Q: 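The structure's right below; bear with me while I get my questions together.
The shown structure was predicted, so the numbers you read here are calculated from the model rather than taken from an experiment.
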Amino acid sequence: MGKPVLRWQIAMMAVALGWGAQAAERLPAGASSCTSCHAGAASEIPVLENLTAAEIEAALEAYRSGGRDGTIMPRIAKGFSAAETRAIAASLGRDRQSKP
């Protein structure tokens, strides 16, 4: 899948989730797709806005290193660098509202 197609899919998901273009632009690459599964639907999947940035970052690192099992998340987490993981966690964690 090429980058233009991926960007288009992320943009369509942002529209489907009711985000404005400005909100979607503020999220780091890859972060907008997280809420597709982690937005609060009744399931076993954690709601990201209930977790701190540090908790999200630690979970992604555990998935990436193989320290935490999963079906999809280990594959997703391995696609992000440590810096990208920090940016994603900072943008989606519950403590994001306290930052300017």
Q: Taking R64 for the side chain and K78 for the main chain, is one N or O donor matched with an acceptor at less than 3.5 Å?
A: no

Q: Working to the nearest 0.5 angstrom, can you tell me the gap between E61 CD and I56 CD1?
A: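 It comes to 14.5 Å.
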
Q: Please report the closest heavy-atom contact between I45 and C37, naming both atoms and the distance.
A: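 I45 and C37 have their closest heavy atoms at CG2-O, 3.3 Å.
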
Q: My understanding is that only residues two or more places apart in sequence, or in another chain, count here; which of them pass side-chain hydrogen bond (donor to acceptor under 3.5 Å, both in side chains) with T71?
A: none

Q: Are side-chain heavy atoms of D69 and P74 found at a separation under 4.5 Å?
A: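 Not in contact.
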
Q: To check you understand the geometry: which heavy-atom pair defines the closest contact between N50 and R94, and what is its length?
A: O-NH1, 2.7 Å

Q: Is there a side-chain contact between T52 and E55 (heavy atoms, below 4.5 Å)?
A: yes

Q: Looking only at heavy atoms, what is the nearest atom pair of A77 and Y63, with distance?
A: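 Closest pair (atom of A77, atom of Y63, distance): CB-CB, 3.7 Å.
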
Q: Tell me, do I88 and F80 make a side-chain contact under 4.5 Å, heavy atoms counted?
A: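 They are in side-chain contact.
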
Q: So how far is it from R86 CZ to S91 OG, rounded to the nearest 0.5 Å?
A: 13.0 Å

Q: Any side-chain heavy-atom pair from H38 and L51 closer than 4.5 angstrom?
A: no

